[in-house]
Structure formats: C-alpha cells, structure tokens
Amino acid sequence: MDNTEKLTIGSITQTGTQPFKRLRRTRMTATLRSMVRETELSKNDFIYPLFVCPGMKVKKEVSSMPGVYQMSVDEIVRECVEVKSLDIPAVILFGIPEHKDEVGSEAYDELGIVQRAIHAIKKEVSEMFVITDVCLCEYTSHGHCGIVRGNEIVNDESIELLAKEALTHVQAGADMVAPSDMFDGRVKAIRAILDENNFHNVPIMSYAAKYASGFYGPFREAAESTPKFGDRRSHQMDPANSNEALREVQTDIEEGADIVMVKPAMPYLDIIRRVKDTFHMPTAAYNVSGEYSMVKAAGRLGWIDEQRVLMEMLTGIKRAGADVILTYFAKDAAKLL
Ligand code: PBG
C-alpha cells in the first residue's frame, strides 16, 4: 500500500526496494505487442489510384512510379478485378484524355475517358466502389485546373465546369466524387448540381486542405498534367500554413463535403491530426506520388527496407487521424496485411 502510493506520486523519489516502471514489459512478445497495439491498418482503409488512357491493351509504366501504369479501359477493368481480389474496396480514377483544349472539354463529356471507364468497371466489377477525381488540369491544353484568362486562373466560371464534370461522372455510375482543384465554392456547386439531378445520396470527398507541393511531381508525369506556364500557388495552399487548413476544411464541411482530405500526407501529419481533432469528420489522407516514388527509389537502391517502410508510413498516417488513405501502395500493403 505504502509502496503503491509512493509510486503513484511519482517514481522520482523511489528507493532501491521499489521497482521502477518497466514499459518494456508489454513489448516482450509479439502476442502482447499485438494486444496493446493502438493503430491497426486495414485493407478497408485504402483507395487505390488508377490512370485511365485512350486505346486498347495499353499498359504503360510511369517511369518515376515503378509499379504504376497508365492503362486503357480494358486494362483498367482487369486491374479492378485484381484490386477487388485483394479486398481493396475502392479506386479513384484519373483521366488522360484523347484531346486537350483550353476549357478541358473532355472532362465533362459523357463519352470522356473517365466516364467510359466508370461504365466499364461498374459493368464488370460492380462491387468496386468507384471514386473520381474532379479537376480540369488533365484535360486543359495549358495544364491548369480551371479556365485561364490573362494571368488569372478564374474561379467562378471554372467551378461551373467542375460541377458539370462531377455530374457526368455520377451519371456514368461513380459512387463518390472528389474535387481536387481547391477553387472556392466548388463543393457547394457540385452538391447543388447533384441534388438537382436526384443524386442527393452520392457523397463528396473534398480535397479540402491541399497544399502546393513538390511531392506531386511524379503524378504530373502519370497524368500528363504539368502546367505549361505558372504554377498552382494561387489556389493550392502554402505549405507553411496550418490555421488556414482548418478554415479550408470548415468551409468544405459547410458546403456539404462528407469526407475531408488532407494532401500530401507524410509532411502534413500535424494537419491530419488537427483536422481530425477539430471536426471529428471522416478524414482522408492522400499519400501522394512523390511519397511513393521516394520509398520505391530508396528501396531499389537498397537504402531502406521498402516493405517495412511503407507499412510504417501508412500506419503513421492512420495514427495521425486518417480514416481513409489514398495510396499507390494499396496493393503492396494489402498483400502484406
Ligand atoms: C489534380 C490532382 C493532382 C493530384 C491529385 N489530383 C495533381 C496536382 O494538383 O497537381 C496529385 C496526386 C499525387 O501526386 O499522387 N489536380
């Protein structure tokens, strides 16, 4: 009794007869370690990104992202069969269109590349939860996420096109849309057009706190969406800001977002935690292309243990507060789980 009391006051004053705390006890066996483990990755957490391109039987590896491919619709369907067999519940589609123009017409064309891919996946792998990335950068000749006038990437006209794009995705059968542009008011515009068309049950996962990041480099090769001039700093967030992320997330929630995303993941774990603790919303994190490429490259060079590091990275993202993780490692992680 005496002994315990002293211990609860603090072990600093403990004498030689009193035990010190042994935090290592619960780490001694694999069984006990797994019993006390606080964070458990699950395949149910993963969304696997896919890049759809024109043609038939096309499967072209992205040079900066080993194991990631641009695939034609037929190959995407085969891929979805495999993804499903690994018990990964969802994919997010990015489109590489046949033609690009100033206003990104193919983004909101009913017969566009993503719309056709959704149809095909839903026909062949109906249980797959299909999410679409809603943005114009892959479809515009200048590579910007919206309409460009002079030096400005204009907001209000662009969000009308994004809303149209989202609607065509949902009409094609998409289960959820994910606007990634970071323009003001786009969640509201998308929610409005979906509701007007009786799609009030289709959720929106907004890229709510999306930073202007160098970690998107390999993705822009994969999606062929590098801006021809300028950059995305007038709409994506400054990496130095944290309070602003909360304002962005709050705005998207007020406009109707169902899941809010932080992107990238690894350098922004503090943001994931703040968003989760502040809003208690279903929270997604995008483990982006550059995070994938770094681990792949170092793994190939033998500098790190790729499998161990990828699992540690995904666990860290979940521990930070993410419920859902978009990751190019989804298949690798599913095989390891
Ligand atoms: C499209 C979009 C981008 C990513 C997802 N959606 C690129 C960008 O904003 O330039 C990046 C994903 C990744 O790097 O894996 N706007």
Side-chain angles (χ1 to χ4, degrees), residues 46-52 62-70 91-97 100 104 106-107 113-114 131-140 142-148 153 155 158-159 161-162 165-166 169 176-183 186-187 190 204-239 248 259-268 284-297 310 313-314 317 322 324-331:
F46 298 147
I47 298 172
Y48 188 54
L50 293 173
F51 299 95
V52 201
V62 179
S63 62
S64 54
M65 299 179 75
V68 173
Y69 302 83
Q70 296 180 339
V91 293
I92 181 163
L93 301 180
F94 296 92
I96 299 137
K100 302 191 186 221
E106 203 176 317
I113 186 75
V114 165
I131 307 164
T132 58
D133 182 86
V134 177
C135 198
L136 296 184
C137 62
E138 297 121 62
Y139 306 91
T140 51
H142 42 70
H144 282 295
C145 308
I147 306 224
V148 177
I153 304 163
N155 195 88
S158 300
I159 64 175
L161 298 182
L162 293 166
E165 179 182 9
H169 290 170
M176 180 157 80
V177 289
S180 68
D181 51 282
M182 286 297 279
F183 296 149
R186 86 282 204 212
V187 173
I190 292 171
I204 299 172
M205 173 171 70
S206 75
Y207 289 66
K210 175 173 175 180
Y211 287 85
S213 171
F215 285 90
Y216 308 151
F219 171 94
R220 291 181 187 168
E221 183 203 335
E224 301 179 7
S225 64
T226 309
K228 297 278 185 297
F229 55 88
D231 55 42
R232 308 216 200 290
R233 289 178 220 263
S234 78
H235 46 109
Q236 298 181 348
M237 279 184 56
D238 184 331
E248 278 286 358
I259 301 177
V260 288
M261 191 199 300
V262 174
K263 176 185 174 192
M266 228 188 344
Y268 298 89
Y286 201 139
N287 177 221
V288 301
S289 56
E291 299 172 56
Y292 175 84
S293 300
M294 285 194 308
V295 173
K296 280 280 170 192
L310 80 87
M313 182 166 66
L314 297 175
I317 294 167
V324 179
I325 307 173
L326 297 90
T327 179
Y328 304 96
F329 281 121
K331 283 166 60 182

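We use all heavy atoms of the structure for the numbers below, so side chains are in, but hydrogens, waters and symmetry mates are not. We count ligands from 1, going down the list as the structure has it; atoms in each ligand are counted the same way.
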Contacts satisfying salt bridge (charged side-chain N to carboxylate O under 4.0 Å, His left out) that involve residues 221-231 (not counting sequence neighbours) are D231-R233
**Request:** For D181 and Y207, test the side chains for any donor-to-acceptor distance below 3.5 angstrom and give the result as yes or no.
**Result:** no
Item checked: Side-chain donor or acceptor of Q70 paired with backbone N/O of A223 under 3.5 Å -> no
Smallest heavy-atom separation, L136 atom then A107 atom, equals CD2-CB, 3.6 Å
Note: V177 and V134 closest approach over all heavy atoms is CB-CG2, 3.9 Å
Present, as a list of atom pairs with distances to 0.1 Å, all nitrogen or oxygen contacts under 3.5 Å between ligand 1 and the protein.
from     : atom 1 : to   : atom 2 : distance (Å)
ligand 1 : 6 (N)  : D133 : OD1    : 3.3
ligand 1 : 6 (N)  : K263 : NZ     : 3.4
ligand 1 : 9 (O)  : K210 : NZ     : 2.7
ligand 1 : 9 (O)  : Q236 : NE2    : 2.9
ligand 1 : 10 (O) : R220 : NE     : 2.7
ligand 1 : 10 (O) : R220 : NH2    : 2.7
ligand 1 : 10 (O) : R232 : NE     : 2.9
ligand 1 : 10 (O) : R232 : NH2    : 3.4
ligand 1 : 14 (O) : S289 : N      : 3.3
ligand 1 : 14 (O) : S289 : OG     : 2.7
ligand 1 : 15 (O) : S289 : N      : 2.7
ligand 1 : 15 (O) : Y328 : OH     : 2.6
ligand 1 : 16 (N) : S180 : OG     : 3.2
ligand 1 : 16 (N) : K210 : NZ     : 3.2

Pair Y48 and Y328, ring centroids less than 6.0 Å apart:
no
